[in-house]
Chemist: 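Dropping a structure here in structure tokens format, bear with me for questions.
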Amino acid sequence: HFLRNWSDGMPELETLTPGASVQTEAREAMKGPYVSVHRRNMDGECLHRAQNGDKFCFADVEWGPGEIERLCDFVFDDVDNKTLPVVVFTDGQRPEFDNTFPLIDNHSFPVQTWMMALSTRALAET
């Protein structure tokens with residue numbers, strides 16, 4: 001299981017500051033603490049990118065057999081700790097996986113990115 005602060009995996013996010021409108025929209029989108037799950041199919045490239053080193057915020061994680069593949073098929077049942085609201089940020093290309101989450105965000109990608117940075121925890125099940 002992999003649970004960490006989003007900023008731990010992407011420390012450069014602290015140096016990236018979006019415009020005021022993106023910040024405002026992201027802050028107003030969710031009230032209170034929440035866990036963010038980021039899962040994108042990337043036009044069918046998820047597995048290829050994950051297997052070839054493009055792991056974004058998970059670059060420093062040691063992966064066991066089959067664990068990378070699970071990132072592309074992540075569902076709500078894979079979330080262990082559901083004490084906070086769990087929001088999935090997705091590109092919408094795999095609705096069979098997206099629809100397992102009770103909260104599916106539909107903001108623009110820049111707003112979603114800032115929402116993930118503001119989230120209490122970022123989660124990936126490995």
Side-chain angles (χ1 to χ4, degrees):
H1 299 80
F2 182 72
L3 180 64
R4 65 194 287 166
N5 286 325
W6 178 262
S7 59
D8 290 346
M10 291 293 291
E12 58 270 25
L13 281 178
E14 294 179 18
T15 65
L16 302 175
T17 305
S21 64
V22 168
Q23 290 183 46
T24 299
E25 189 173 349
R27 279 193 193 92
E28 292 176 354
M30 290 289 295
K31 302 297 181 199
Y34 57 96
V35 172
S36 62
V37 175
H38 181 225
R39 193 188 55 70
R40 294 190 181 280
N41 188 48
M42 299 174 278
D43 297 321
E45 290 289 315
C46 178
L47 184 57
H48 172 76
R49 289 184 185 197
Q51 288 174 332
N52 291 290
D54 186 7
K55 296 176 192 68
F56 196 48
C57 58
F58 307 117
D60 61 344
V61 175
E62 300 222 5
W63 300 94
E67 290 180 336
I68 290 175
E69 291 81 359
R70 291 192 60 218
L71 288 177
C72 299
D73 297 337
F74 198 84
V75 295
F76 186 67
D77 285 345
D78 292 324
V79 179
D80 280 350
N81 188 340
K82 299 177 179 98
T83 58
L84 294 174
V86 178
V87 182
V88 67
F89 297 93
T90 174
D91 58 14
Q93 295 178 4
R94 308 267 320 259
E96 67 273 22
F97 296 111
D98 298 346
N99 292 333
T100 67
F101 289 86
L103 298 172
I104 303 170
D105 185 79
N106 60 3
H107 288 87
S108 67
F109 185 71
V111 172
Q112 287 184 342
T113 302
W114 197 246
M115 289 174 70
M116 287 182 273
L118 295 173
S119 68
T120 302
R121 305 295 281 181
L123 178 74
E125 182 81 12
T126 60

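The first residue of the sequence shown is numbered 1, and numbering continues consecutively from there. The structure displayed is predicted, hence computed values, not measured ones. Atoms considered below: every heavy atom in the structure, side chains included; atoms not considered: hydrogens, waters and symmetry mates.
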Chemist: Less than 4.5 Å apart, side chain to side chain, heavy atoms only: is that true for T100 and D77?
Modeler: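 Result no, sub-4.5 Å side-chain heavy-atom pair not found.
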Chemist: Where do D73 and D78 come nearest, in terms of heavy atoms and distance?
Modeler: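 Smallest heavy-atom distance, with atoms named: O-OD2, 4.1 Å.
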Chemist: Which residues satisfy the side-chain hydrogen bond (donor to acceptor under 3.5 Å, both in side chains) test with E25, sequence neighbours excluded?
Modeler: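 Partners of E25 under the side-chain hydrogen bond (donor to acceptor under 3.5 Å, both in side chains) test: none.
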Chemist: With sequence neighbours left out, what residues match D105 under salt bridge (charged side-chain N to carboxylate O under 4.0 Å, His left out)?
Modeler: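 D105 satisfies salt bridge (charged side-chain N to carboxylate O under 4.0 Å, His left out) with no other residue.
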Chemist: So, for P18 and Q23, which heavy atoms are closest and what is the spacing to 0.1 Å?
Modeler: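 That closest heavy-atom pairing would be O-NE2, 2.7 Å.
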Chemist: Taking the side chain as C-beta and beyond, is there a heavy-atom pair between Q112 and T90 under 4.5 Å?
Modeler: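 A side-chain contact under 4.5 Å is absent here.
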Chemist: Identify, with sequence neighbours excluded, every residue that meets ring pair (Phe, Tyr, Trp, His ring centres under 6.0 Å) alongside F97.
Modeler: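 For F97, no residue satisfies ring pair (Phe, Tyr, Trp, His ring centres under 6.0 Å) once neighbours in sequence are set aside.
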Chemist: Quick one: closest heavy-atom pair of G92 and P95, and the distance?
Modeler: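 Shortest heavy-atom separation between G92 and P95 comes out as O-CD, 3.8 Å.
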Chemist: Side chains of T113 and F89, heavy atoms from C-beta outward: is any pair under 4.5 Å?
Modeler: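 SC-SC contact between T113 and F89 ruled out.
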Chemist: Are any non-hydrogen side-chain atoms of V79 and F74 less than 4.5 angstrom apart?
Modeler: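 SC-SC contact between V79 and F74 confirmed.
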Chemist: If you look at every heavy atom in I104 and D98, which pair is closest and at what distance?
Modeler: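 Nearest heavy atoms, I104 then D98: CD1-O, 3.2 Å.
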Chemist: Which pair of heavy atoms, one from P85 and one from P33, lies closest together, and at what distance?
Modeler: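 Smallest interatomic distance, heavy atoms only, reads CD-O, 3.5 Å.
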Chemist: Can you give me the closest heavy-atom contact between V22 and P110, atom names plus distance?
Modeler: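 Closest pair (atom of V22, atom of P110, distance): CG1-O, 3.7 Å.
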